[in-house]
There are 2 protein chains.
Amino acid sequence: MLTVSAALAPSPAMVAANAENRLARNAAPALPSRGSIGVAGAPRQVPTSVALAGQVLNFAEGREIYAEGEAVRSFYKVIDGVVRTCTFASDGRRQIDGFHAEGEIFGLEMSDEHRLSAEAVTDCTVVAYRWAGLASFNGGDGETARAVFGLAMQCLERTRDHSLLLGRRSAAQKLAAFLLDLAERGGEDGGIDLAMSRQDIADYVGLTIETVSRTFSQFERDHLIALPSIRHVVLRNRSALVELAD
Amino acid sequence: MLTVSAALAPSPAMVAANAENRLARNAAPALPSRGSIGVAGAPRQVPTSVALAGQVLNFAEGREIYAEGEAVRSFYKVIDGVVRTCTFASDGRRQIDGFHAEGEIFGLEMSDEHRLSAEAVTDCTVVAYRWAGLASFNGGDGETARAVFGLAMQCLERTRDHSLLLGRRSAAQKLAAFLLDLAERGGEDGGIDLAMSRQDIADYVGLTIETVSRTFSQFERDHLIALPSIRHVVLRNRSALVELAD
DNA sequence: CGGAGGATTGAATGAATTCAAAGTCGGTGG
DNA sequence: CCACCGACTTTGAATTCATTCAATCCTCCG
């Protein structure tokens, strides 16, 4: 149902009720954006321009896209909005593995069931590409394979950065790094639009919501940032933040 | 110098002074092993059996294999011994991204310079495969591409697990998870041979060396483990450890 | 305008770190 | 062969930082 193309090879015939999408540089349509991770800015570069058919799907804020343990049938690219991938510990604590914004992919896994769940942080539009584990990598032509590989490597790099962020760092270091990352991904200086709640941020950087709040307030008192509204951050002293972050 | 084959395609002609190696299931030669991560056991399965030429290299304990910032010319597979990949914060703190044992790869990166450095935890033997970023993915035949892709996905999974480990978890949870991971990778039950120092462990799980030591001692007092020698751990109550880890 | 969920702030607690000292182990040289 | 040295590890006490628990404050929506 979710999938359209045969294993990574375009097959327009199967593109039924839904629009076809191309996995290409700047391919995202200009939908009214309610929530980029950072500010609207330069689209994230994807190192491919390969035609790949997929099915466009919409999810309302908070909706689950797939659950931990569910069979892997697709991987996804974000067209608009923000998605989080996460796991839940036995005591209920949530750990957010990553936020995925326009142009980024998620859900690409080797095993046959998802190790993480995915949820819409904001209302969002994604494209599902048929994918059922490593076997799916077989058929595609060289260029498609290369595209998917590039995307996987991008995930790997982001995940690596994340685990370095979580290592032995203070709350201030983590949050400075988090904000700088958002600013970089968002594109322009000036303001960052937070797509996610404080709780999301806390679960991403491995802190409590109170510590996140306190640290942001401290940053503001120190004139490192301004918080004109609850979901908007302005970097006032980027170099000091960089210094802090490491 | 380090590289032997043309981009991921076997080219025996270039295999000059050094032995050729095949990236295959159970390909590792039976060298006298001084340091697997865990106990000697079932070889880590690699989901490929593709011929791939590479150059065999040896590194003494503590030696640097490549440095952060260095140009990416190869990725590596561990034949024997253990390798760590890590970064250094500006204040000198080290963060270990991963330990890589027999059969595992490291150093596969998309960018043109290494974001991490790699060092020999023990005396070790690795094979270097020519690799210069995403462009290297172009030439190979389908099967080689698939092999490399599978390896990249394996790295991704390990890195994901690591970042979940580092999130909001207590020292006991982190170390229980660490020991269970080693035990699983090592193969058999019974004993775990720690290839790495307490400092290495601390830098991997994001704790101080003192906390690692104290927690191990506490585990021993609680009969979760035994520590017959400094580099040897016996799991005495695996289910309790699993419970602890989450 | 009033309610509810999310965010901020405060005070007390607790876990991990830091600083400091003692113990262990392996290796080297007498 | 034994004693000593040095690096690594363990243990102890005090401190620090983030968490927990609790109360208040926004802000958005109905």
Side-chain angles (χ1 to χ4, degrees), chain A residues 34-35 60-62 84 89 91-96 121-123 165-179 193-222 225-233 244, chain B residues 34-35 60-62 84 89 91-95 121-123 165-178 193-222 225-233 244:
Chain A
R34 202 243 120 149
E61 179 181 328
R84 62 175 174 251
D91 60 0
R93 275 182 299 109
R94 183 181 62 169
Q95 296 198 66
I96 294 182
V121 175
T122 63
D123 291 345
L165 180 86
L166 290 173
R168 231 150 72 64
R169 296 173 113 87
S170 68
Q173 287 180 310
K174 287 175 174 182
L175 288 168
F178 175 71
L179 291 175
D193 253 320
L194 298 174
M196 69 293 287
S197 69
R198 297 290 190 270
Q199 187 64 62
D200 283 332
I201 297 173
D203 291 343
Y204 180 66
V205 299
L207 295 169
T208 58
I209 184 176
E210 294 96 331
T211 303
V212 171
S213 184
R214 267 187 260 275
T215 306
F216 277 180
S217 299
Q218 188 60 50
F219 281 178
E220 196 172 26
R221 260 175 262 128
D222 298 343
I225 63 171
L227 291 162
S229 87
I230 218 160
R231 292 279 180 121
H232 204 253
V233 181
L244 231 185
Chain B
R34 200 243 122 147
E61 179 182 327
R84 63 176 173 250
D91 60 1
R93 275 183 299 108
R94 182 182 62 167
Q95 296 197 67
V121 174
T122 64
D123 291 346
L165 180 86
L166 291 173
R168 233 147 71 63
R169 295 173 115 88
S170 69
Q173 288 181 309
K174 287 175 175 181
L175 288 168
F178 175 71
D193 254 319
L194 298 174
M196 69 293 287
S197 68
R198 297 291 189 269
Q199 186 65 62
D200 283 333
I201 298 173
D203 292 343
Y204 180 66
V205 299
L207 295 169
T208 57
I209 184 177
E210 292 96 332
T211 302
V212 171
S213 182
R214 267 187 261 274
T215 306
F216 277 180
S217 300
Q218 188 60 49
F219 282 178
E220 195 172 28
R221 261 174 263 131
D222 297 344
I225 64 172
L227 291 163
S229 86
I230 218 159
R231 291 281 181 119
H232 204 253
V233 182
L244 230 185

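Bear in mind the structure is a predicted one, so any value in this text is a computation, not a measurement. Per chain, numbering begins at 1; letters A, B, ... match sequence-line order.
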side-chain contact (heavy atoms from CB on, under 4.5 Å) partners for [X], two or more places apart:
X	answer
A/Gln199	A/Arg94, A/Ser197, A/Ala202, A/Asp203, A/Ile209
B/Leu166	A/Ser163, A/Leu166, B/His162
A/Arg168	B/Arg93, B/Thr208
B/Ala172	B/Ser170, B/Thr215, B/Phe219, B/Leu244

Atom-pair distance ([atom1] on [X]; [atom2] on [N]), nearest Å:
X	N	atom1	atom2	answer
B/Ile201	D/dT10	CD1	C1'	14 Å
A/His232	D/dC28	NE2	P	14 Å
B/Asp203	D/dT9	CG	P	12 Å
A/Gln218	C/dT8	CD	P	14 Å
B/Glu61	D/dA7	CD	P	14 Å
A/Phe216	C/dT9	CZ	P	13 Å

Please list each protein N or O that sits under 3.5 Å from an N or O in nucleotides 5-7 of chain C, with the distance.
residue: C/dA7; atom: OP1; partner: A/Arg198; partner atom: N; Å: 3.3

*How does protein reach along nucleotides 10-22 of chain C, written 5' to 3' as B (base within reach of a heavy atom under 4.0 Å), S (only sugar-phosphate), or - (no contact)?*
BB----SBBB---
*Could you tell me the separation between the CG atom of A/Asp193 and the NE2 atom of A/His232, rounded to the nearest 0.5 Å?*
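The NE2 atom of A/His232 is 4.5 Å from CG of A/Asp193, to the nearest 0.5 Å.
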*For the helix from C/dC1-D/dG30 to C/dG30-D/dC1, measure the angle between the helix axis at one end and the axis at the other, each built from five pairs, rounding to 10°.*
30°
_Nearest atoms (heavy-atom pairs only) where B/Arg198 meets B/Leu227_ =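 Closest approach of B/Arg198 to B/Leu227, heavy atoms only: NH2-CD2, 4.5 Å.
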*Could you pull out the closest heavy-atom pair between B/Ile225 and B/Phe216, with the gap in Å?*
CD1-O, 3.8 Å
_For B/Phe178, ring-ring contact (aromatic ring centres under 6.0 Å, His included) partners two or more places apart_ = B/Tyr204
